[in-house]
Novice: 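Supplied in structure tokens, the structure appears directly below.
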Amino acid sequence: NMGPLIVSDIILLVFTIYIGIFLRNFYSPYPEMKVGFHIWEVCYDKNTWEYGNKFAGLTSIVLGLILFAIIFPLLIYLELKRSYLVGIITLFAIIYFILLYFIVKIRLRKKFNLKDD
């Protein structure tokens with residue numbers, strides 16, 4: 001029965017899109033920064049804060065679509081064993097967070113020429 005896996009996939013897809021929309025539209029104004037994507041590169045100044053949150057939001061949506069709207073449904077369609085799919089969807093959730101973190105970090109470092117002191 002793939003029902004629970006399909007539901008999990010849809011929940012993760014909705015979650016990643018929600019996070020994306022949230023980051024793009026509802027981050028706190030600089031310098032308050034209560035709500036938003038809190039990594040050093042994004043918090044650096046007003047420009048990085050505004051660009052970083054919008055970029056993190058877009059990245060979240062794109063990653064969500066790739067992992068949970070394209071790749072995972074394809075794996076379900078290919079009828080992989082249920083036990084593999086449980087591991088894969090867990091792995092995808094972890095990969096989502098890791099990629100979101102590093103893609104935003106690297107993009108901001110390049111765009112704004114940020115370096116560790």
Side-chain angles (χ1 to χ4, degrees):
N1 179 9
M2 294 293 175
L5 276 170
I6 294 168
V7 170
S8 300
D9 181 55
I10 292 168
I11 289 169
L12 284 164
L13 177 60
V14 169
F15 170 78
T16 56
I17 291 171
Y18 171 81
I19 291 288
I21 291 168
F22 186 84
L23 285 173
R24 286 183 68 76
N25 299 299
F26 300 106
Y27 57 89
S28 304
Y30 191 86
E32 186 190 290
M33 300 193 298
K34 278 193 184 122
V35 176
F37 196 76
H38 287 101
I39 62 171
W40 173 81
E41 288 81 0
V42 176
C43 297
Y44 185 74
D45 65 22
K46 189 178 193 313
N47 289 338
T48 60
W49 179 249
E50 289 174 4
Y51 178 86
N53 276 290
K54 285 187 170 31
F55 182 75
L58 179 64
T59 304
S60 176
I61 292 167
V62 171
L63 287 173
L65 289 172
I66 291 168
L67 293 170
F68 305 116
I70 299 169
I71 301 176
F72 197 76
L74 195 63
L75 298 177
I76 291 174
Y77 176 75
L78 294 173
E79 296 178 353
L80 284 186
K81 277 172 59 178
R82 191 175 188 286
S83 56
Y84 291 160
L85 290 171
V86 171
I88 290 168
I89 200 163
T90 307
L91 191 65
F92 277 12
I94 295 165
I95 287 169
Y96 160 81
F97 284 109
I98 292 170
L99 284 177
L100 183 60
Y101 176 82
F102 282 106
I103 290 169
V104 173
K105 192 176 189 64
I106 291 163
R107 175 75 183 130
L108 266 86
R109 282 178 170 241
K110 284 194 170 139
K111 183 170 174 64
F112 295 96
N113 199 22
L114 302 174
K115 290 177 182 67
D116 294 309
D117 290 329

Novice: List the atom of L23, the atom of A56, and the distance in Å for their closest heavy-atom pair.
Specialist: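 What the structure gives for the nearest pair is CD1-CB, 3.9 Å.
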
Novice: By the ring-ring contact (aromatic ring centres under 6.0 Å, His included) test, which pairs, at least two apart or in different chains, include something from residues 63-117?
Specialist: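 Those involving residues 63-117 are Y51-F112.
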
Novice: Evaluate the side-chain proximity of R109 to D116: yes if any heavy-atom separation is below 4.5 Å, no if none is.
Specialist: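 In contact.
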
Novice: Please report the closest heavy-atom contact between K115 and W40, naming both atoms and the distance.
Specialist: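 Closest heavy-atom pair between K115 and W40: O-CH2, 3.7 Å.
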
Novice: Around atom CD of E32, are there more than 12 heavy atoms of other residues, nucleotides or ligands at under 6.0 Å?
Specialist: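 Result for CD/E32: enclosed.
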
Novice: Over all heavy atoms of both residues, which pair between T16 and L13 is shortest? Give the atoms and the distance, please.
Specialist: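 Where T16 meets L13 most closely, the heavy atoms are OG1-O, 2.8 Å.
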
Novice: Under 4.5 Å between any side-chain heavy atoms of L108 and T48, yes or no?
Specialist: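 A side-chain contact under 4.5 Å exists here.
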
Novice: What distance do D9 atom CG and L85 atom CG have between them, rounded to the nearest 0.5 Å?
Specialist: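 If I round to the nearest 0.5 Å, the distance is 10.0 Å.
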
Novice: Nearest 0.5 Å, what's the CG-SG distance between N53 and C43?
Specialist: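 These two atoms lie 8.0 Å from each other.
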
Novice: May I ask you to decide if M33's main-chain N or O and S28's side chain share a donor-acceptor pair within less than 3.5 Å?
Specialist: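 Such a contact is absent between S28 side chain and M33 backbone.
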
Novice: In Å and rounded to the nearest 0.5 Å, what is the OG1 to CZ distance from T59 to R24?
Specialist: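 Here the rounded value is 9.0 Å.
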
Novice: Test L100 against L63 for side-chain contact (heavy atoms from CB on, under 4.5 Å), laying out the working first.
Specialist: CA-CA 8 Å; L100 183 60; L63 287 173; 4.1 Å; yes

Novice: Could you tell me the separation between the CD1 atom of I88 and the CD1 atom of I76, rounded to the nearest 0.5 Å?
Specialist: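 CD1 of I76 is found 10.0 Å from CD1 of I88.
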
Novice: Charged N to carboxylate O under 4.0 angstrom, K46 versus E50?
Specialist: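 The answer is yes: the pair qualifies as a salt bridge.
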
Novice: Got a donor-acceptor contact below 3.5 angstrom from the S60 side chain to the I19 backbone?
Specialist: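 Side chain of S60 to backbone of I19: no pair is present.
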
Novice: Nearest 0.5 Å, what's the CD1-CG distance between I6 and N1?
Specialist: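 Those atoms lie 8.0 Å apart.
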
Novice: Are L80 and I70 co-members of a hydrophobic cluster defined by side-chain heavy atoms under 4.5 Å apart?
Specialist: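 No: no chain of side-chain contacts under 4.5 Å links I70 to L80.
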
Novice: Assess whether side-chain contact (heavy atoms from CB on, under 4.5 Å) is satisfied between Y27 and K54, documenting all intermediate values.
Specialist: CA-CA 9 Å; Y27 57 89; K54 285 187 170 31; 2.9 Å; yes

Novice: Show, in sequence, the C-alpha distance, side-chain angles and deciding distance for L5 and R82, and conclude whether the side-chain contact (heavy atoms from CB on, under 4.5 Å) test is met.
Specialist: CA-CA 8 Å; L5 276 170; R82 191 175 188 286; 3.8 Å; yes

Novice: In Å and rounded to the nearest 0.5 Å, what is the CD1 to CG distance from I103 to L58?
Specialist: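 Going from CD1 on I103 over to CG on L58, the span is 10.5 Å.
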
Novice: Any non-hydrogen side-chain atom of D45 less than 4.5 Å from a side-chain atom of Y30?
Specialist: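 Touching, per the 4.5 Å side-chain cut-off.
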
Novice: Which heavy atom of L67 sits nearest a heavy atom of P73, and at what distance?
Specialist: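 Closest pair (atom of L67, atom of P73, distance): O-CD, 4.3 Å.
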
Novice: Linking Ile, Leu, Val, Met, Phe, Trp and Tyr through side-chain heavy atoms less than 4.5 Å apart, which residues share a cluster with V7?
Specialist: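 For the cluster that includes V7, the remaining residues are I11.
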
